[in-house]
Amino acid sequence: MSVRVRFAPSPTGFLHIGGARTALFNWLYARHTGGTFILRIEDTDAARNTQEAVEVILNGLKWLGVDWDEGPATGDPKGPSKGSVGPYFQSQRGPIYKKRVDELIQKGCAYEHEGAVKFRMTREPIVIRDLIVGEVKRELTDREMAEPDFVIVRSDGQPVFHLVNVIDDLEMGITHVVRGEDHLSNTSKHIALFRAFGVEPPAYAHIPLILNPDGTKMSKRDQGASLTTYEAEGCVPEAVVNYLCLLGWSPKQNREVLSREEIIQLFDLPQILRHNARFDATKLQWLNGEYIRTMSFERFHEFAVQALNRAGLPITRFSTGYIRSALETCAGKIKQFSELADYAGFYFTDELAYDPAAKASLGPDERARLSRLREAFVVLEHFNATSLEAALKEVARKLEVKVGALVHPCRFACTGRTSGPSLYHLLEVLGKERVLQRIDRALALAEEAAQSP
RNA sequence: GGCGCGUUCGUCUAUCGGUUCAGGACACGGCCCUCUCAAGGCUGAAAGACGGGUUCGAUUCCCGUACGCGCUACCA
């Protein structure tokens, strides 16, 4: 039988990083087995769920490259969808639930109670055979001892989560339920429900939760809990996918950086770890840097322009050729695109803001050397990296100083920073006119500062 | 409180009772390279929660304790 898995989020206007990983693991399993990945929207809480909230989920999955074989095409519950077992919005499946509840009542498995419908739950412990956790024998809690039956339809007529979740999985032919470990204890209810409908439950695979760096539960409010922040910070989706896979799963063989294809090939459910993993933003950042360094320049350029625009830099005032050259000096030097505005901002401004902490880098000696360097630059015929380097080294030789003694003041004068892209290349991009202007201005400012301490 | 799950370097992990200084990665320290910063190369420090068993032998199997997480709704 072909594998059918699903991701069934509730549209809250937010896609949790843990939910994203659950979706990813489902998707990977489907792709690994050649099965079907289904997206179902659990929008039973009508008041809260909006079309925009659904779109947050759809866009998040698309951004990650997690595509669904069946499910909604848009955020509109009544809109178009793919697949033959829809609707894929729970809000549209009322009649199906009604029919199934009637079936349960007729079978004597459920009964009305004060306007609600309750399920006649077994009093025996239920054994859950979980692909990840192993065999779990769920004993009844003290509350369940007192009252094992639970509500499946509220007195206002709304069916509850446990019921609709099971009915949908049943009707949609789900073969493997891959979901967060927070549902492990609920699984006994679900298994009992499946059996009441006369079918064997699907296979279960409960994946451990993602925790904050301090080991506490990662909730909505926590830093980095929302998938959209990664896109906003200029993360590369493949890096996020790669990182998420490394939380609770290992490709073994000391591998860390893996392509999507490799992950699909290696991924399987039984190998998923049984314990929670803490989210390590630093390692994600490292992975992100790896992906940035190895991506094509075209893609780097695309991400970069987006990031600079988002940061509000007036790059449209500059020619595309200039922007391109500027970005070429930055390629592979950053770990996250959100750093770029800071890293390359000096290319796109006239009023350079000098890092106050580094003002001391233009003392009397440095100013003298910088002036000599300026003289050498003025007479340069070809203002390119090669000749700039030659000119600078020639001045250094004449002054009998190390190249660094010229490089640092010059960098500071032209970029306002003590670190950045390769100096010679950056000067070439800036061009003679700008470079001389900046040196003059830096010299003047430093002189001024020296006069009035 | 009850029920369930978990526990290897700071973090993510490898190890499917026995070739090991318990391996790798991120982060951190040092060195090299170098126009700065990254990157890269080399290198250093860093772990089996605790206590009992089982066994010739346990990180690995069992039990207990501690700690963490989850579930315990007419929420999903």
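The sequence lines fix the lettering, A, B, ..., with proteins before strands; numbering per chain opens at 1. Remember, predicted model here, so these are calculated numbers, not experimental data.
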Student: What does Pro421(A) touch in the nucleic acid at a heavy-atom separation under 4.0 angstrom: a base, only the sugar-phosphate, or nothing?
Tutor: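 Result for Pro421(A) = base.
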
Student: Reckon Gly180(A) touches a base, only the sugar-phosphate, or nothing at all at heavy-atom distances under 4.0 Å?
Tutor: nothing

Student: Mind calculating the distance between CZ (Arg369(A)) and C1' (rC35(B)) to the nearest angstrom?
Tutor: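 From Arg369(A) CZ to rC35(B) C1': 14 Å.
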
Student: Just by modelled atom types, is the Glu428(A) backbone N or O under 3.5 Å from a matching donor or acceptor in the Asn384(A) side chain?
Tutor: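 A pair under 3.5 Å: no.
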
Student: Out of rU13(B), rG4(B), rA76(B), which nucleotide sits closest to the side chain of Leu184(A)?
Tutor: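 The answer is rG4(B), which lies nearest to the side chain.
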
Student: Rounding to an integer number of Å, can you tell me how far Arg278(A) CZ sits from rG70(B) P?
Tutor: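 Interatomic distance, CZ of Arg278(A) to P of rG70(B): 13 Å.
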
Student: Compare the minimum distances between each of rA76(B), rC35(B), rC74(B) and the side chain of Val403(A), then state the nucleotide with the smallest one.
Tutor: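 Of rA76(B), rC35(B), rC74(B), rC35(B) is nearest to the side chain of Val403(A).
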
Student: If you check every side-chain atom of Thr216(A), which of rC12(B), rC74(B), rC69(B) has the closest atom?
Tutor: rC69(B)

Student: Expressed as a whole number of angstroms, how long is the span from Lys189(A):NZ to rU72(B):P?
Tutor: 6 Å

Student: Which whole number of Å gives the distance between the C1' atom of rG17(B) and that of rG4(B)?
Tutor: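 28 Å, rounded to whole Å.
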
Student: Kindly say whether, by distance alone, the side chain of Lys333(A) makes a donor-acceptor pair under 3.5 Å with the base of rC37(B)?
Tutor: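 Flag set: donor-acceptor pair detected.
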
Student: In whole Å, measure the gap between the C1' atoms of rG48(B) and rG10(B) for me.
Tutor: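 Between the two C1' atoms, the distance is 16 Å.
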
Student: Does a side-chain N or O from His408(A) land closer than 4.0 Å to OP1 or OP2 of rU36(B), or not?
Tutor: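 No, because none of the side-chain N or O atoms of His408(A) sits under 4.0 Å from OP1 or OP2 of rU36(B).
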
Student: Identify which nucleotide among rG4(B), rA76(B), rC12(B) has an atom closest to any side-chain atom of Glu139(A), counting heavy atoms from C-beta outward.
Tutor: rG4(B)

Student: Quantified in whole Å, what is the C1' atom distance between nucleotide rG41(B) and nucleotide rC5(B)?
Tutor: 44 Å

Student: On the nucleotide rU13(B), are OP1 or OP2 found under 4.0 Å from the side-chain N or O atoms that His275(A) carries?
Tutor: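 True: His275(A) side-chain N/O within range (under 4.0 Å) of rU13(B) OP1/OP2.
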
Student: Output the single nucleotide from rC3(B), rC74(B), rC37(B) whose closest atom is nearest the side chain of Arg138(A).
Tutor: rC3(B)

Student: So Lys99(A) and Glu103(A), salt bridge (charged side-chain N to carboxylate O under 4.0 Å, His left out) or not? Walk me through it.
Tutor: CA-CA 6 Å; Lys99(A) 205 181 90 200; Glu103(A) 176 189 339; over 6 Å; no

Student: Taking Arg93(A) for its side chain and Pro87(A) for its backbone only, find out whether a donor-acceptor pair lies under 3.5 Å.
Tutor: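 Answer holds: yes.
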
Student: Quick one: label Leu423(A) by what it contacts on the DNA or RNA (base, sugar-phosphate, nothing), any heavy atom closer than 4.0 Å.
Tutor: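 Base contact - Leu423(A) has a heavy atom under 4.0 Å of at least one base atom.
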
Student: Across nucleotides 18-34 of chain B, 5' to 3', mark each nucleotide with B, S or - according to how protein heavy atoms within less than 4.0 Å reach it.
Tutor: -----BBBSS-------

Student: Output the rounded distance in Å from OH (Tyr204(A)) to C1' (rG4(B)).
Tutor: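 Rounded to the whole Å, the gap is 16 Å.
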
Student: Any side-chain heavy-atom pair from Phe119(A) and Val101(A) closer than 4.5 angstrom?
Tutor: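 Answer no - side chains too far apart.
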
Student: Angle between ring planes, Phe297(A) versus His301(A), binned at 30° and 60°: parallel, tilted or perpendicular?
Tutor: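 Ring orientation of Phe297(A) relative to His301(A): perpendicular.
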
Student: Under 4.0 Å: is that the gap between some side-chain N or O of Thr44(A) and OP1 or OP2 of rA76(B)?
Tutor: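 It does, given that an N or O in the side chain of Thr44(A) lies less than 4.0 Å from OP1 or OP2 of rA76(B).
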
Student: Could you measure between the two C1' atoms, the one in rU54(B) and the one in rG44(B), and give it in whole Å?
Tutor: 40 Å

Student: Record whether the side chain of Asn276(A) comes under 3.5 Å of the base of rG6(B) through a donor-acceptor pair of N or O atoms.
Tutor: no

Student: Is there a donor in the side chain of Thr122(A) and an acceptor in the side chain of Glu124(A), or the other way round, less than 3.5 Å apart?
Tutor: no

Student: Mind checking the C1' distance from rC12(B) to rC3(B)? Whole angstroms is fine.
Tutor: 30 Å

Student: Please report the distance, rounded to the nearest Å, between CG in Leu193(A) and P in rA76(B).
Tutor: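 The distance from CG of Leu193(A) to P of rA76(B) comes to 14 Å, rounded to the nearest Å.
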
Student: If we ignore hydrogens and angles and just use 3.5 Å, is the side chain of Arg255(A) paired with the main-chain N or O of Val257(A) as donor and acceptor?
Tutor: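 Yes, the answer is positive, given that a donor and an acceptor are paired below the 3.5 Å cut-off.
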
Student: Mind checking Ala116(A) for me? I need base, sugar-phosphate or nothing, with any heavy atom below 4.0 Å counting as a touch.
Tutor: base

Student: Quick one: which of rA14(B), rC37(B), rG1(B) gets closest to the side chain of Asp142(A)?
Tutor: rG1(B)

Student: Could you identify the nucleotide paired to rG68(B), looking across every strand shown and requiring Watson-Crick or G-U wobble geometry with both distances under 3.5 Å?
Tutor: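 Check on rG68(B): paired to rC5(B), both distances under 3.5 Å.
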
Student: Taking Leu399(A)'s backbone N and O only, do any of them form a donor-acceptor pair with Arg372(A)'s side chain (distance below 3.5 Å, no angle check)?
Tutor: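 No, the answer is negative, given that no donor and acceptor are paired below the 3.5 Å cut-off.
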
Student: With no angle test and no hydrogens, is the base of rC37(B) tied to the side chain of Arg417(A) by a donor-acceptor pair under 3.5 Å?
Tutor: no

Student: Figure out the NZ/P separation between Lys252(A) and rC16(B), and round it to whole Å.
Tutor: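 Those two atoms, NZ and P, are 9 Å apart.
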
Student: Can you confirm if the aromatic rings of Phe25(A) and Phe7(A) lie within a centre distance of less than 6.0 Å?
Tutor: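 Centroid separation for Phe7(A) and Phe25(A): 6.0 Å or greater.
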
Student: Between rC61(B) and rU15(B), how far apart are the C1' atoms? Round to whole Å, please.
Tutor: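 One C1' to the other, the span is 15 Å.
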
Student: Provide, to the nearest angstrom, the distance between the CG atom belonging to Leu373(A) and the C1' atom belonging to rC35(B).
Tutor: 12 Å

Student: Calculate the interatomic distance between Ile57(A) atom CD1 and rA76(B) atom P; express it in whole Å.
Tutor: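 Taking CD1 of Ile57(A) and P of rA76(B), I get 15 Å after rounding.
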
